[in-house]
Amino acid sequence: MKRTLVIIILIVIVIVSVIVGFIIDRNMRVDEARRHNSQLERYLDREILGTELASLINRVMDHNRRNNVERDSEGRFINNGTNSIRIDIEMITIEDTFSMEWIYDRGTTGFVHAFITIPFRSVEVEYHPETGKISRIVFLQLED
């Protein structure tokens, strides 16, 4: 009788430990996503100038490189489903969309000189379903 009771108590302790571990892990992932997103969400739904957008492109490029995000044959970072970030810029003066990689590879300094006082606004944001982290932001040029 005592032995059965001890086994039942041990099983309950193991089950409770697994559930608590799962809850702690989930909360840690949610907090990590919140910290990650807070750095990017401040750019959402507000106007930023070309200089600030160029700085953001530099930070996101660095982020992807530090996280070893792979690139496709065109040099664009591939969505890895966890922590990759993409920025696309819709230009009204050229009527085309450019990737952050295209701008970065040609020099953000040139971008800054051309768009130093031009405002941009985020018009679309996507999140990784698995981690809840921002995966893509689209900026629209507001005027020329």
Side-chain angles (χ1 to χ4, degrees), residues 5-144:
L5 185 61
V6 169
I7 291 174
I8 291 172
I9 290 173
L10 286 175
I11 290 172
V12 168
I13 289 172
V14 168
I15 291 171
V16 168
S17 297
V18 168
I19 291 171
V20 168
F22 176 76
I23 291 170
I24 290 172
D25 180 61
R26 183 178 178 279
N27 287 342
M28 286 175 51
R29 284 187 280 128
V30 167
D31 287 343
E32 180 185 350
R34 189 176 296 125
R35 280 192 308 274
H36 170 82
N37 289 345
S38 70
Q39 297 173 12
L40 299 172
E41 286 176 338
R42 65 186 176 139
Y43 295 101
L44 302 181
D45 299 323
R46 72 178 188 92
E47 287 185 19
I48 62 172
L49 297 178
T51 53
E52 199 170 359
L53 182 54
S55 294
L56 178 60
I57 288 170
N58 288 332
R59 282 197 305 269
V60 169
M61 292 290 293
D62 184 55
H63 166 85
N64 284 341
R65 282 194 302 268
R66 279 186 287 118
N67 287 293
N68 298 316
V69 177
E70 294 184 24
R71 291 186 180 216
D72 63 16
S73 61
E74 296 176 6
R76 293 175 62 147
F77 286 104
I78 300 170
N79 183 333
N80 65 8
T82 57
N83 60 2
S84 59
I85 306 171
R86 295 189 39 72
I87 296 175
D88 292 314
I89 299 98
E90 296 179 2
M91 308 293 275
I92 60 172
T93 53
I94 306 170
E95 295 184 5
D96 202 356
T97 301
F98 295 91
S99 69
M100 67 178 181
E101 297 89 349
W102 190 90
I103 292 170
Y104 184 85
D105 291 342
R106 281 148 188 84
T108 53
T109 304
F111 178 81
V112 168
H113 288 307
F115 297 98
I116 191 167
T117 60
I118 303 298
F120 294 84
R121 179 180 290 277
S122 64
V123 292
E124 184 180 340
V125 64
E126 296 174 5
Y127 295 84
H128 291 291
E130 182 74 22
T131 62
K133 294 180 179 180
I134 290 177
S135 64
R136 180 173 177 253
I137 303 175
V138 177
F139 286 93
L140 174 66
Q141 176 188 0
L142 297 179
E143 58 185 63
D144 53 353

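- Atoms CG and CZ, from L140 and R121 in turn, are 9.5 Å apart once rounded to the nearest 0.5 Å.
- Not counting sequence neighbours, H128 has no partner by the ring-ring contact (aromatic ring centres under 6.0 Å, His included) test.
- Of the listed residues (K133, H63, E126, M100), just one forms a side chain to side chain contact (heavy atoms under 4.5 Å, CB included) with I85, and that residue is H63.
- Across every non-hydrogen atom of T131 and T82, the tightest pair is OG1-O, 2.8 Å.
- The two atoms that bring D45 and S122 nearest to each other are N-OG, 2.8 Å, heavy atoms only.
- Residues E74 and W102 fail the side-chain proximity criterion, which asks for heavy atoms closer than 4.5 Å.
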message: Assess the residue pair I118 and L53 against the criterion (side chain to side chain contact (heavy atoms under 4.5 Å, CB included)); give the C-alpha distance rounded to whole Å, side-chain angles, the decisive distance to 0.1 Å, and a yes or no.
response: CA-CA 10 Å; I118 303 298; L53 182 54; over 6 Å; no

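- Nearest approach of Y127 to G132, heavy atoms of both residues: CD2-O, 3.3 Å.
- With hydrogens and angles ignored, the 3.5 Å screen pairs no side-chain donor or acceptor of E90 with any backbone N or O of V138.
- Looking at every heavy atom in both residues, S84 comes nearest to V69 through CB-CG1, 3.7 Å.
- The number of heavy atoms from other shown groups lying within 6.0 Å of CD (E130) does not exceed 12.
- Here CG of D88 is found 8.5 Å from CD of E124. Values are rounded to the nearest 0.5 Å.
- Of the possible donor and acceptor atoms, none in the side chain of N79 sits under 3.5 Å from a partner among the backbone N and O of R136.
- Using bins of under 30°, 30° to 60° and over 60° for the plane-to-plane angle, the ring pair F120/F111 lands in the tilted bin.
- The distance from the CG atom of N83 to the CG atom of N68 is 9.0 Å, given to the nearest 0.5 Å.
- If you take CG on L56 and CD on Q39, they are separated by 10.5 Å, rounding to the nearest 0.5 Å.
- Atoms OH and CD1, from Y43 and I87 in turn, are 9.0 Å apart once rounded to the nearest 0.5 Å.
- S17 contributes a side-chain N or O that, together with a main-chain N or O of I13, makes up a donor-acceptor pair within less than 3.5 Å.
- When atom types are taken as modelled, the side chain of N37 and the backbone of I134 share a donor-acceptor pair closer than 3.5 angstrom.
- Between I103 atom CD1 and I89 atom CD1 the span is 3.5 Å, to the nearest 0.5 Å.
- Here the closest non-hydrogen pair linking Q141 and I92 is OE1-N, 3.0 Å.
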